[in-house]
Amino acid sequence: MGRGTDTPASWSLGDGQPVPWEYAPAPEARDIVSLKSRYGMFIGGKEVAPRSGEWFTTLDPATEEPLAEVARAGVEDVAHAVGVARRAFRREWGALAGRERAKYLFRIARILQERSREFAVLESLDGGKPIKESRDVDVPLAAAHFWYYAGWADKLEYAFPARNPQPLGVAAQVIPWNFPLLMLAWKIAPALAAGNTVVLKPASSTPLSALLFADVCRQAELPPGVVNIVTGPGEIGLALVKHPDVDKVAFTGSTVVGKTIGRAIAGSDKALTLELGGKAANIVFDDAPIEQAIEGVVNGIFFNQGEVCCAGSRLFVQESIAEPFIERLKDRLSTLRVGDPLDKNTDVGAINNAAQLAKIEELVEAGQAEGADMYQPACELPARGYFVRPTLFTNVAQSSRIAQEEIFGPVLSVLTFRTPAEAIEKANNTPYGLSAGVWTEKGSRILSMVSKLRAGVVWANTFNRFDPTSPFGGYKESGFGREGGLHGLLAYLDLAGEGH
Ligand code: NDP
């Protein structure tokens with residue numbers, strides 16, 4: 001094994017000290033992606049320059065280098081896109097037979113698979129996530145959503161028998177930067193399968209995979225105007241969801257913005273689903289398979305640098321095993337490789353943007369100031385880019401900010417419990433309710449915990465498992481509505497004239 005001169009040492013023997021060797025660099029070739037210097041929006045099947053004449057720059061968060069300029073939409077561009085989507089709905093897509101819509105969705109799924117390496121590299125470049133995750137999780141799951149919903153497009157009558165399922169019309173979809181392509185697929189695939197047309201706004205720090213998806217739509221010969229992509233800041237997202245000709249709003253992102261959107265469209269007849277933040281409890285009982293649980297806890301919080309709404313950011317360990325479990329966890333943390341997202345050996349890539357890095361750093365400082373004990377493995381971070389060390393806090397008070405607030409970074413707060421009742425009480429002590437994990441050998445305990453945890457998704461002896469057939473969504477401040485499965489389809493349909 002060689003030692004790359006510019007690759008940080010991020011591997012250790014388990015005592016927190018780096019070992020004297022390093023994995024040889026294994027960079028994925030980036031030339032499969034040909035970046036343009038400028039990207040217009042995608043409206044009516046064409047690349048369109050912004051009527052505002054303004055552009056913004058998207059960066060590579062691992063190097064802070066600019067990747068491309070992207071159109072900064074104005075409200076007139078939003079109106080143009082919604083008008084085009086309305087016409088496409090009225091003239092063609094809304095009345096197209098389900099089996100015909102399915103053909104386009106199958107085509108999109110197949111093209112995503114054919115171009116999977118290109119998408120994976122672009123997603124890692126623009127978003128900072130490790131290539132092994134974009135390659136093995138984001139892109140295959142995005143394609144799987146199109147396959148799955150393609151299968152439903154001509155079976156809506158069977159999915160909702162005797163309810164006369166009808167599309168809603170034009171869907172406005174605003175997505176975040178943590179899973180840009182996957183969130184696009186979660187939104188666009190069910191909308192199209194149900195017969196709606198869409199205008200989607202990606203996050204400003206990760207617009208490129210949505211714009212590459214525009215190319216997939218062209219390649220699939222999707223009728224113009226069925227999918228439209230507008231790029232620009234948050235205020236453009238707000239203008240889009242408020243547009244009077246929009247029938248359905250789907251948002252994934254922060255709870256603050258979710259509330260703003262809810263207020264902005266209150267009193268209108270727009271249908272709304274919100275998938276917001278989380279502060280998931282990952283609960284480990286003393287009879288759990290320990291090595292499996294360690295891997296699950298690590299995956300739960302360090303997958304995608306912890307920038308995951310359902311991240312297992314609060315670990316509850318049964319007191320009787322807490323000490324050895326935490327020691328074992330620290331050892332495992334010290335083997336995580338932090339660095340270049342395009343290196344196939346990287347476990348923890350770059351934080352998506354400078355503001356998010358500042359937020360993580362602020363909360364890590366708050367954790368220390370509030371008296372929790374911090375552990376970070378002794379790994380070097382790259383000299384440039386938005387990187388942060390995997391961080392573990394013990395001795396955490398329930399009331400502290402790191403136990404209450406969504407950090408959205410690779411930071412784990414460890415707490416303990418004695419009885420299942422105490423675990424439930426502590427786990428539910430959060431304004432959020434998106435996901436949870438339970439680790440135990442006892443099936444009866446799993447069933448009992450699942451019924452008492454206030455979370456939309458509970459994983460047992462695993463974590464962060466996703467499947468297009470399985471609905472996902474939250475309670476409380478984590479939002480409402482479900483994505484995935486039949487529930488996900490329902491959010492884009494009007495049943496038997498019930499309205500929405
Ligand atoms: P936001 O909620 O601000 O961004 C999500 C999307 O909403 C982006 O496309 C954004 O556009 C857009 N947006 C921003 N403001 C508005 C608005 N007023 N009306 C309509 N759309 C809007 O998340 P941030 O990027 O600011 O991240 C902040 C925090 O949110 C994170 O630290 C994390 O805790 C949480 N978060 C949660 C996510 C989840 O999946 N649950 C995902 C992302 C963040 P633009 O990018 O142009 O600002």
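Hydrogens, waters and symmetry mates play no part in the numbers below; they use all other heavy atoms, side chains included. Counting starts at 1 for both ligands and their atoms, in listed order.
Looking only at distances, no side-chain donor or acceptor of D494 sits under 3.5 Å from a matching main-chain atom of L168. No donor-acceptor pair closer than 3.5 Å links the side chain of S124 to the backbone N or O of V121. Side-chain atoms of T346 never come within 3.5 Å of backbone atoms of P130 as a donor-acceptor pair (strictly under, hydrogens ignored).
Ligand 1 lies under 4.0 Å from heavy atoms of V174, I175, P176, W177, N178, K201, P202, A203, S204, G232, P233, G234, G237, L238, F251, T252, G253, S254, V257, I261, L276, G277, C309, Q356, K359, E406, F408.
Applying the salt bridge (charged side-chain N to carboxylate O under 4.0 Å, His left out) rule to pairs touching residues 478-487 yields K187-E483, sequence neighbours excluded. For residues 350-377, the salt bridge (charged side-chain N to carboxylate O under 4.0 Å, His left out) pairs, not counting sequence neighbours, are E362-R401. Residue pairs satisfying the salt bridge (charged side-chain N to carboxylate O under 4.0 Å, His left out) criterion with at least one member in residues 293-316, sequence neighbours excluded, are listed as follows: E295-R332.
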